[in-house]
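Following: one structure in structure tokens, then a few remarks.
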2 protein chains.
Amino acid sequence: MTKKERFLAVSLKLINEKGFKATTIRDIASSLNCEVANIYNYIDSKQSLLETYLFGISNEFHSAVDTIIDSNISSEKKLRLIIRTHIDLMVKKPYELALLVNEWRNLKEPKLGTFVAERNTYEDKVKTVIKQGMEQGVFKVLDLEIATFTFLSTLRWLHDKNSEHPVQMNPIEIERQISTFVFSGISKK
Amino acid sequence: MTKKERFLAVSLKLINEKGFKATTIRDIASSLNCEVANIYNYIDSKQSLLETYLFGISNEFHSAVDTIIDSNISSEKKLRLIIRTHIDLMVKKPYELALLVNEWRNLKEPKLGTFVAERNTYEDKVKTVIKQGMEQGVFKVLDLEIATFTFLSTLRWLHDKNSEHPVQMNPIEIERQISTFVFSGISKK
DNA sequence: TATTTACGTGAACGTTTGTTCATGTAAATA
DNA sequence: TATTTACATGAACAAACGTTCACGTAAATA
């Protein structure tokens with residue numbers, strides 16, 4: 001692990017614990033046992049640090065969902081794979097995922113606009129999958145907006161709870177539980 | 001509307017747009033067309049302002065859910081009423097609801113601890129309703145943690161989307177859509 | 001009328017913030 | 001060996017922050 005990688009990891013953890021605005025360069029330097037000025041050997045500015053994290057994880061979601069959409073499988077299977085993608089990223093990159101939820105507001109224009117646009121595009125991709133499922137008679141015909149965002153919010157649970165007391169279950173079992181909820185709801189029969 | 005009420009409303013809106021840390025006392029004064037020092041005729045500190053908002057809305061959720069739990073109705077009906085409560089609060093107090101989601105991290109100890117405890121208690125109350133439904137054979141027997149937080153995340157959607165482009169539907173229709181999703185999922189039969 | 005209360009003002013405070021600077025060292029490269 | 005590169009240092013900067021101060025005004029209260 002290079003010095004820069006260690007710096008990136010420590011910063012990410014700190015920003016997650018205290019929030020981006022509350023995490024100072026001096027905090028990071030202190031955790032790293034180095035001088036403040038040293039940080040600027042790794043980055044240009046505190047803002048660019050946040051941008052690196054956010055656009056990095058954003059791209060991961062996009063490339064994953066693109067592969068899913070382009071594949072020749074049923075809408076239900078696509079939705080199932082999207083669930084799986086979110087779970088995998090929660091397990092592999094919990095801190096980056098948390099930033100995506102909590103800290104994107106701290107971006108400044110024009111990066112903020114770019115980020116929001118990317119996120120909207122992601123939501124639209126998911127929406128398309130659900131829409132196709134409805135048209136094919138596989139999914140209930142609900143309000144498309146509400147269905148999509150209720151679905152995405154369900155997946156957001158992954159981050160929230162995992163960040164406070166990490167889930168013990170294995171990813172496959174989590175996927176089974178969430179898929180059950182998403183596809184057939186909470187009512188018995 | 002008294003001066004203090006106007007101050008509280010303007011602050012709330014600003015904090016929602018820019019975030020608590022990014023909203024300065026000078027921002028608030030500027031929006032209010034008054035001097036900075038004037039703000040301190042209304043509040044003791046910036047922190048106390050956040051505390052007022054957060055514990056206020058937190059109490060509203062608690063008293064609503066307490067009434068629901070104590071009432072002599074089925075588990076399904078209780079869950080339906082909880083959904084309705086969240087929707088009503090989203091419509092009536094969207095800004096406070098957003099703070100509850102986004103800004104609670106900015107509380108400082110010991111208030112932070114109190115808040116987190118209150119929130120956990122709320123989650124436990126919802127969890128109890130779901131647990132009873134499972135025991136009575138009304139709900140599927142899923143992992144209780146996952147079921148509860150997936151459910152709560154579904155309701156969180158209400159805030160997220162409403163804050164960006166407010167939902168046009170009336171509360172009753174929203175409730176119908178979300179209840180369908182929660183109780184019977186997205187799959188057609 | 002006298003006095004309290006609510007609201008308003010502008011300057012100043014002490015701290016903390018991100019960032020830069022000039023300078024240094026030790027290792028990799030040429 | 002000479003020179004570039006990567007990392008390190010401590011002091012300093014200007015800006016922004018929450019908060020306080022002494023003072024002022026006008027209306028409500030006694």
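We name chains A, B, ... by the order of the sequence lines, and we start the count at 1 in each one.
You'll find the side chain of A:F7 reaches within 4.5 Å of the side chain of A:L49, heavy atoms only.
We find that CZ of A:R6 is positioned 19 Å from P of D:dA6, with the value rounded to whole Å. The separation between A:F20 atom CZ and C:dT17 atom P is 13 Å, rounded to whole Å. For the pair A:I43 CD1 and C:dT19 C1', the computed distance is 10 Å after rounding to whole Å. Computed from coordinates, the A:K21 NZ to C:dT16 C1' distance equals 14 Å when rounded to whole Å. At whole-Å resolution of the value, CG in A:D44 and P in C:dT20 are 9 Å apart. In this structure, the NZ atom of B:K46 is 15 Å from the P atom of D:dT20, given to the nearest Å. In this structure, A:K4 atom NZ and D:dT5 atom P are separated by 16 Å, rounded to whole Å. One interatomic measurement links the two molecules: NZ of A:K3 to C1' of D:dA8, which rounds to 9 Å at whole-angstrom precision.
With both pairing distances under 3.5 Å, D:dA14 is matched to C:dT17 as a Watson-Crick or G-U wobble pair. The base-pairing partner of D:dT19, taking Watson-Crick or G-U wobble contacts with both distances under 3.5 Å, is C:dA12.
A:K13 has a carboxylate O that lies under 4.0 Å from a charged side-chain N of A:E17, or vice versa, which qualifies the two as a salt bridge.
A heavy atom closer than 4.0 Å to some atom of DNA chain C occurs in A:T23, A:T24, A:I25, A:R26, A:V36, A:A37, A:Y40, these being the qualifying members of residues 23-42 of chain A.
Between B:S75 and B:Q136, the side chains place a donor N or O and an acceptor N or O closer than 3.5 Å (distance only, hydrogens not considered). Checked by atom type, the side-chain pair A:E103/A:N106 shows a donor-acceptor distance below 3.5 Å. Looking at A:E173 and A:Q177, their side chains do bring a donor and an acceptor atom within 3.5 Å of each other.
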Show which side-chain atoms of residues 81-90 of chain B pair as donor or acceptor with protein atoms under 3.5 Å away, not counting sequence neighbours.
from, atom 1, to, atom 2, distance (Å)
B:R84, NE, B:D88, OD1, 3.3
B:R84, NH1, B:E175, OE1, 3.0
B:T85, OG1, B:L81, O, 2.9
B:H86, NE2, B:Y122, OH, 2.8

